[in-house]
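Here's the structure, in structure tokens; my notes come after.
A note on names: the letters A, B, ... follow the listed sequences, proteins ahead of strands, and every chain is numbered from 1.
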Amino acid sequence: MAEIIKVGAEATLYKIKWFGRDAVKKVRHPKKYRHPGLDKWLRSMRTRHEATLINQAKRLGVNTPTIFDINLAEGAIVMEYIRGDVVKNIVRMGDDRMEKICENIGRSIAVMHEGGLVHGDLTTSNMILRDDRVYFIDFGLGYHSINAEDFGVDLYLLKEVWLSTHSDKMHLYDKIIEAYASECSKADEVMKKLAEIEKRRRYV
Amino acid sequence: MIVLGLEGTAHTAGVGIVDGEKVLVNISDMYMPVKGGIHPREAANHHAEVFPGLIKRALERAGIGVEDLDGIAFSQGPGLGPCLRTVATVARVLALRLSIPLIGVNHCVAHLEIGRLLTGASDPVLLYVSGGNTQIIAYANGRYRVCGETQDIGIGNMFDKFGREIGLPFPCGPEVERLAKKGKKLLMLPYSVKGMDVAFSGILTAAQSYIGKERIEDIAYSLQEIAFSMLVEVSERALAHLEKDEILLGGGVAQNKRLQEMVRNMITERDGNMYVPPPQYCVDNGAMIAYTGYLMLSSGQTTSVENSVVRQRYRTDEVVVSWRKS
């Protein structure tokens, strides 16, 4: 029986051995609440998609786990085990290197966007700190885009999560945005979109 | 402590009276458009007409007089401007005339508080689904945070717009639900989840394009299956992220049996519990405003007349939740 690392909303993560190496098996189990056809389609599409995006992000220079294997019928990806703590906990507990870590996060997001990748779920639970490097995981809702609008939505989600989880540490969010802006060629446009998206919401 | 609450953010004029945690009375009068959806000015006129009678009846039923009231609570927002202004005017007049505190209440927060009171949920994630609103709300750090919400229209509004195309009467949700029960075939509609947020306008457009080409029952079925799956998915994400295990439903769409079934399936697999308030407290109602007003008043949160201007876009997370310790 494989050890369960985490039961997430969408998938369960198991710690397994892959030919002697520590690995994570991410399985998107069927969800009984939704129509079986929709369920099968969503799980298989997201599995294939996520594997592709993780590899593409890595090629761009963003830290992501190395993929060992995928199984579409099972909805499973086997990938490298990243030993570290999620950024959510690091932010909560505080860390001497916090500003550096946030710069790191901002720059990585900029690199993804520059390469035409939108993560789609930039929560602090989806970032792992190993040594001084921030690894991005869970690209299940990611997609390809070169639109400032989509980059803005990506960052907006991060802001929303920060407001709901780390509302007492908004200066760190600002640090991320600052680093992002210095690294992204479309930063001005994206920032304008970000402000626009906030205003466009139903209630502001 | 007895508080009278006035609700009137959209089509419902509601009056409720609470004595502390006890709901003494909850009555309402709903504006029904002759055709189409809610006309804000017509709805406001309706509210102006019915409020005096409603308030009188509410006091009679509670067996109290105006002199027994300790505070007047009203729905300050979010909602339709003309309706909100009508309610606020009634509330100001009462509070000034009786020289008792005025309490401006956030409508979305009120849905959550009445749900907690009546169902016994202690720290739930609220899936608030109505005509105008679609939000996933949870308590964190002194406020009710919006964990996810619609990026365009409310889910009920989507059902209404779809229903209007095929000649269903307003509100169309219950009719769509009836049709959906006879649907079998799942049609492809855009599944639009963006992180913790959802969007419905694309699904609506796609569903409308099926009209005349597919069975109407199948379209209604697919509309519900896809839209509800999206809501349940983001709710589950909020539960997982905030590490909570209670889900509370609120808003008119919360009465949909298929939505309840899906949420129950999800929460059962997570070893958590689902809570649904009685129907008259799911929809807009005066008791929820009165009760939230009571909570605010007992923690010293009141609204001066100068600050009682209505807030059409009053955000849930602007409210400082001083009455909750954790």
Chain B contacts, top residue of A:Lys6, A:Arg46, A:His119 (heavy-atom pairs, under 4.5 Å)
A:Arg46
Quick one: what part of B:Tyr191 sits under 4.5 Å from any heavy atom of chain A, side chain, backbone, both or neither?
side chain
Measure across A:Ser164 and B:Arg145 and return the closest heavy-atom pair with its distance rounded to 0.1 Å.
CB-CB, 3.9 Å
What part of B:Gln224 gets closer than 4.5 Å to chain A, counting heavy atoms only: side chain, backbone, both or neither?
neither
Checking A:Leu157 against chain B: side chain, backbone, both or neither under 4.5 Å from a heavy atom?
side chain
Salt bridge or not between A:Lys31 and B:Glu233? Use side-chain N to carboxylate O under 4.0 Å.
no
NZ of B:Lys185: more than 12 outside heavy atoms within 6.0 angstrom?
no
Lys/Arg-Asp/Glu bridge criterion (N-O < 4.0 Å) met for A:Arg34, B:Glu225:
no
Enclosure of A:Arg133 CZ (heavy-atom neighbours >12, cutoff 6.0 Å)
no
More than 12 non-hydrogen atoms from neighbouring residues, nucleotides or ligands closer than 6.0 Å to CG on A:Leu72, yes or no?
yes
Report the option among B:His241, B:Met196, B:Met262 that has the most heavy-atom pairs separated by less than 4.5 Å from atoms of chain A.
B:His241
So what's closer than 4.5 Å to chain B heavy atoms on A:Leu122: side chain, backbone, both or neither?
neither
How far apart are the C-alpha atoms of B:Arg264 and A:Tyr33, what are their side-chain angles, what is the distance that settles it, and do they pass the side-chain contact (heavy atoms from CB on, under 4.5 Å) test?
CA-CA 8 Å; B:Arg264 195 179 300 113; A:Tyr33 66 78; over 6 Å; no
Just so I know, are the side chains of A:Leu141 and B:Arg237 near enough to count as touching, which here means a heavy-atom distance under 4.5 Å?
yes
Going by heavy atoms in the side chains, are A:His35 and B:Phe228 under 4.5 Å from each other?
no
If you apply the rule side-chain contact (heavy atoms from CB on, under 4.5 Å), what do you find for B:Gln151 with A:Tyr156, and how did you get there?
CA-CA 12 Å; B:Gln151 293 190 336; A:Tyr156 187 80; 5.8 Å; no
Using non-hydrogen atoms only, which part of B:Tyr139 is less than 4.5 Å away from chain A: side chain, backbone, both, or neither?
neither
Could you state the interatomic distance from OG1 (A:Thr165) to CG (B:Leu242), rounded to the nearest 0.5 Å?
6.0 Å
Please rank A:Leu42, A:Val161, A:Thr123, A:Val7 by heavy-atom pairs under 4.5 Å with chain B and give me the top one.
A:Leu42
When rounded to the nearest 0.5 angstrom, what distance separates OG in B:Ser222 from CG in A:Leu38?
10.0 Å
Heavy-atom distances under 4.5 Å only: say whether A:Val118 touches chain B with side chain, backbone, both or neither.
neither
